[in-house]
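Convention: sequence-line order gives letters A, B, ...; per-chain numbering from 1. Fair warning: this is a prediction, and the values are worked out from it, not measured in the lab.
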Amino acid sequence: MASDEFSVYMSGVGGQGLVLLSNVMGSACASVGIQAITGEQHGLSQRSGSINIHMRIGEQIRSPLIPIAGADAILALEALEALRYVEYLKPGGVVVMNKRIQHPIIETIGHMKDKATRYMSVEEVKARLSEVTDKVAVVDALEIAKKAGNPLTENIVMLGALSTLEAFPIPEEALKKSIAENVPKKAVDVNLRAFDLGKQAAFETLCNIVKCKK
Amino acid sequence: MGSADVVRDGPAKAFMLCNEAIVRGAIEADVKVVSAYPGSPTTEILDTFSGVKSNFDYRMEISSNEKVALETCAGAAMVGHRSISSMKSVGMNVASDSFFSLSYTGVKGGMVIVMADDPQAHSSQTEQDGRAFGPSAYVPMLEPSNPAEAKRMVKLAFDLSEKHGVPVLMRTTTRVNHQSGIVELDKIVRKPFEKLDWSHAPARFTTVADTARKFKLQLLERTKRLEEEFNSSDLNRVEGTGSEVGIVTSGAGYNYAVEAARILGIKPSILKLGTTYPLPKRLIADFLKKVKTVIVVEELSPYLELHVTAIAKDANPSVKIIGKWTGHFSEAFEYNTNIVVDAFAKALGLRTPVDYDAVMAKAEELKKGLSDRPPTFCPGCPHRATLWALLQATKGMKHILSTDIGCYSMSFLEPLNYGDSMLSMGACMGVAAGMQYAAKEKVIAMVGDSTFYHAALPGLVNAIHHNDDFTLIILDNEVTAMTGQQPNPGSDYNAGGQPAKRIVLEDVIRGMGITDITVIDPYQAKAVVQPIKEALARKGPNIIISRRACALYADRNKRKRGEAILSNKVDKDVCKKPYACIRSFNCPAISIDDDDRKATISKELCDRCDVCAKLCPFGSIKLREGE
């Protein structure tokens, strides 16, 4: 595969704003003349279910779906959803995942019936992912989003973190311009703040384990 | 992305969802009438047309069902205007009655029907292969692989339609509709909307007996002309020459075939078909003559494979054809690059660069104990409350639940597993009629408001006329919720926010002769159990209307009005862990605290429908302080 290609598998729970992320990245690509395609999920699965978007950047890529073991990175807006799609990660690929867990209702019911069970934790997810890669970064996106001024900007916090990767091909300026064009006018400032705070967080949790941009 | 790019004048480049690119193409083609019913994976076509409507002068409606939508487009095209409709695979079944006739009568203005199949049945009842509609109705069919191609094709489809006087089918699949990519925007040149004169011979669009036979001969000639045109159309192209290995493919299959060849480091000749009915037989024959092995990559039925095999009989009888019949590909489920890589490797004796089985095995090991997360009712969803109440009201009562298509269909999924049958839009009524003849148990039918107007009305007429003994529950949440809260005949507005006449459910039902109507607000929780119980005990046909707006729709309206969305919390000093808020209610905003095992409510997820508070016997659930 060409070295200028970058595929990121984005996952989360319905309602977390994954589609906005792919739109921000794709529009930024269009503005600077980089080829990008996505495979998205709309419809039934959005109802608080597990969702995913395949985001693929590169001149020769035609398939909207990332092959198994083909993702340079997994960007998970919810921690369990990073583990759910682990087969898509390239060996040694990067996982950037939110610290937040939304307990699936099925797990809660099991929990109600059996007092001995505990929810799967972020630490557990991280430990399991570490069996296939040594590059797992956890970002407390909800806290950071609140600090930025709106808890709904978790997705942009995570994008900010991802964008620090050296292999991430979209220039920051284009990305920020695209954020400004794709979010509601009154939410531009808070989203740009969320992006910067996400970047900052990555310097502490991500850039010590993987090569980042200067 | 989105509406801004759909209205932006070209030339320019934009990143667009394929469904948006289709709309953009139609707008560049100066479409004048748009009519559709929502259905995944086509819904964003309707949503985008509706969202940008104020920028253009096309006429648009969100129709009560796909048949009406197609007929609306047909009528406009008979007069002479360009029209477009979009529908999912099973919507095409509903519309198909008129579709077949329309192929006979033809059209004057260009007419395009976007029909999207859903391999993998992501959000459909079946995996049906709609490509059968093209040949069985003699309607030309185009298949794009990506957004840029879809936009170009929809414009060509209008020209083709007008040139040959026939509606054109553009067939897509989920992974094409829900693919975004870079699209070239052309200049938008539109003529002002004006009504046209009806200037046809009498009965020009009437088909039966003599006229049908005349039309049939004409459409056979038309199909011959189309095939000749497609033999040299650039919608069909050969990529790469000189290889002994050829690939024949179209639509989503093309995307995977290109990537699979790249992964395996091979350079086959690829015949990419953009016109899949009528097939360009001469072009396919020429292609087959140049290769020793041909691999057919297509999802679902072996449609291309059948024709490739037939054409090869004369063109190149010794060519080896690899496909579903050789066991290399399945007729089930959608494909992806890995499936195609494996098939190519097996057919050509190559090794895959990654041991996919080993990767999957390791992944399964890591995921042991990871809870599934199927789609479920949103926090605040009135269906959750209705189903909770129905479960309480039917305790100890043997019954059958005949359900229908909508968000409430999810009741059969984990964790409720409630519901006995679900076939198609509106089917709950006819199925319930049959069940009440055959079964000893009480029969309950359940349908949403949009589905009720879509295809359940004739079923209700039938049930009333025959005095069928079942209770119908209509879940009236004001909108077509499942597909993204579009307006329906029960709304007082329609596409683009234009005002519309609201149909009143009770008036319709009373008008048909039923007076036994029980209206409940599901948010009242325990208080509605008894009225449901009583209604179910009476002889049918009778009706329960559970009325409460879709929570997502209500939230959107609240945000528009600047109202805060409040949340509840659990007072841990009062909670005695009866889990009444979890049991049979299953709200994703509620979980159990690992430390004290008491219920806890997520501030971010809670919608404050307040039903859980009404279910708690200790009154431990209260409005979150400071709100």
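Using a 4.5 Å cut-off between heavy atoms, A:L142 touches chain B through its side chain atoms alone. For A:R84, the parts lying near chain B are the backbone and the side chain together; criterion is any non-hydrogen pair under 4.5 Å. With a 4.5 Å cut-off on non-hydrogen atoms, A:M112 touches chain B through its backbone and its side chain both. Using a 4.5 Å cut-off between heavy atoms, A:S22 contacts chain B through its backbone alone, with no side-chain atom that close. For chain A, the nearby parts of B:S180 are the backbone and the side chain; heavy atoms of each come within less than 4.5 Å. Using a 4.5 Å cut-off between heavy atoms, B:A481 touches chain A through its backbone atoms (N, CA, C, O) alone. With a 4.5 angstrom heavy-atom cutoff, B:K367 touches chain A via backbone and side-chain atoms both. Both the backbone and the side chain of A:I37 have a heavy atom closer than 4.5 Å to some heavy atom of chain B. Looking at B:C407, the atoms closer than 4.5 Å to chain A (heavy atoms on both sides) all sit in the side chain, from C-beta outward. In this structure, chain B has no heavy atom under 4.5 Å from any part of A:K113. Using a 4.5 Å cut-off between heavy atoms, B:F585 does not touch chain A at all.
In terms of heavy-atom pairs under 4.5 angstrom with chain A, the leader among B:N255, B:I339, B:T483 is B:N255. Chain B forms the most heavy-atom pairs under 4.5 Å with one residue out of A:S178, A:P91, A:A30, and that residue is A:A30. Per-residue heavy-atom pair counts under 4.5 Å with chain B were compared for A:S63, A:P151, A:A28, and the maximum is reached by A:S63. Per-residue heavy-atom pair counts under 4.5 Å with chain A were compared for B:P415, B:A589, B:P374, and the maximum is reached by B:P374. Of the residues considered (A:E124, A:E181, A:E107), A:E107 shows the highest number of contacts with chain B, using heavy-atom pairs under 4.5 Å. Top candidate by heavy-atom pairs under 4.5 Å with chain A, chosen from B:L370, B:V341, B:T174, is B:L370.
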N/O donor to acceptor pairs below 3.5 angstrom from side-chain atoms of residues 71-80 of chain A, sequence neighbours left out:
from	atom 1	to	atom 2	distance (Å)
A:D72	OD1	A:K90	NZ	2.8
A:D72	OD2	A:S7	N	2.7
A:E78	OE1	A:L80	N	2.8
A:E78	OE1	A:E81	N	3.1
A:E78	OE1	B:R373	NH2	3.2
A:E78	OE2	A:Q102	N	2.6
A:E78	OE2	B:R373	NH2	2.9

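With sequence neighbours excluded, the residues satisfying side chain to side chain contact (heavy atoms under 4.5 Å, CB included) with B:S602 are B:E604, B:L605.
Between the side chain of A:T108 and the backbone N or O of B:S591, no donor-acceptor pair lies under 3.5 Å. Formation of a donor-acceptor pair under 3.5 Å by the B:N338 side chain with backbone atoms of A:P67 is not found in this model. No donor-acceptor pair under 3.5 Å is formed between the side chain of B:Y256 and the backbone N or O of A:P64.
Note: A:H42 NE2 to B:L17 CG = 5.0 Å, rounded to the nearest 0.5 Å. Note that CD1 of A:I68 and CE of B:M360 are 5.0 Å apart. Values are rounded to the nearest 0.5 Å. In this structure, A:H103 NE2 and B:D593 CG are separated by 8.5 Å, a value rounded to the nearest 0.5 Å. With values rounded to the nearest 0.5 angstrom, B:R583 atom CZ is found 10.0 Å from A:I109 atom CD1. Put simply, CD1 on A:I66 and CG on B:N336 are 12.0 Å apart, with the number rounded to the nearest 0.5 Å. Distance CD1/A:I106 to CG/B:N586: 9.0 Å, rounded to 0.5 Å.
Shown here is A:K99, whose NZ atom has no more than 12 heavy atoms of other residues, nucleotides or ligands within 6.0 Å. Counted within 6.0 Å of CD on B:E365, heavy atoms from surrounding residues, nucleotides or ligands total more than 12; the atom is thus considered enclosed. Counting non-hydrogen atoms of other residues, nucleotides and ligands closer than 6.0 Å to NZ of A:K146 gives a total above 12. Counting non-hydrogen atoms of other residues, nucleotides and ligands closer than 6.0 Å to NZ of A:K177 gives a total of 12 or fewer. Taking a 6.0 Å sphere around NZ of B:K598, one finds it holds more than 12 heavy atoms contributed by other residues, nucleotides or ligands.
The shortest distance between side-chain heavy atoms of B:L366 and A:E87 does not fall below 4.5 Å. The closest side-chain heavy-atom distance from B:P375 to A:S50 is not below 4.5 Å. By the 4.5 Å heavy-atom criterion applied to side chains, A:Q41 and B:H178 are not counted as neighbours.
Minimum heavy-atom separation, A:V86 to B:A363: CG1-CB, 3.7 Å. The shortest non-hydrogen separation linking B:F15 to A:A36 is CE1-O, 3.8 Å. When all heavy atoms of B:P379 and A:S48 are compared, the closest pair comes out as CD-OG, 4.0 Å. Across B:D595 and A:R118, no two heavy atoms sit closer than the pair OD1-NH2, 4.0 Å.
In this structure, a donor-acceptor pair under 3.5 Å is present between the side chains of B:D594 and A:H111.
Between A:E40 and B:R175 there is no salt bridge, since no side-chain N of the basic residue sits under 4.0 Å from a carboxylate O of the acidic one.
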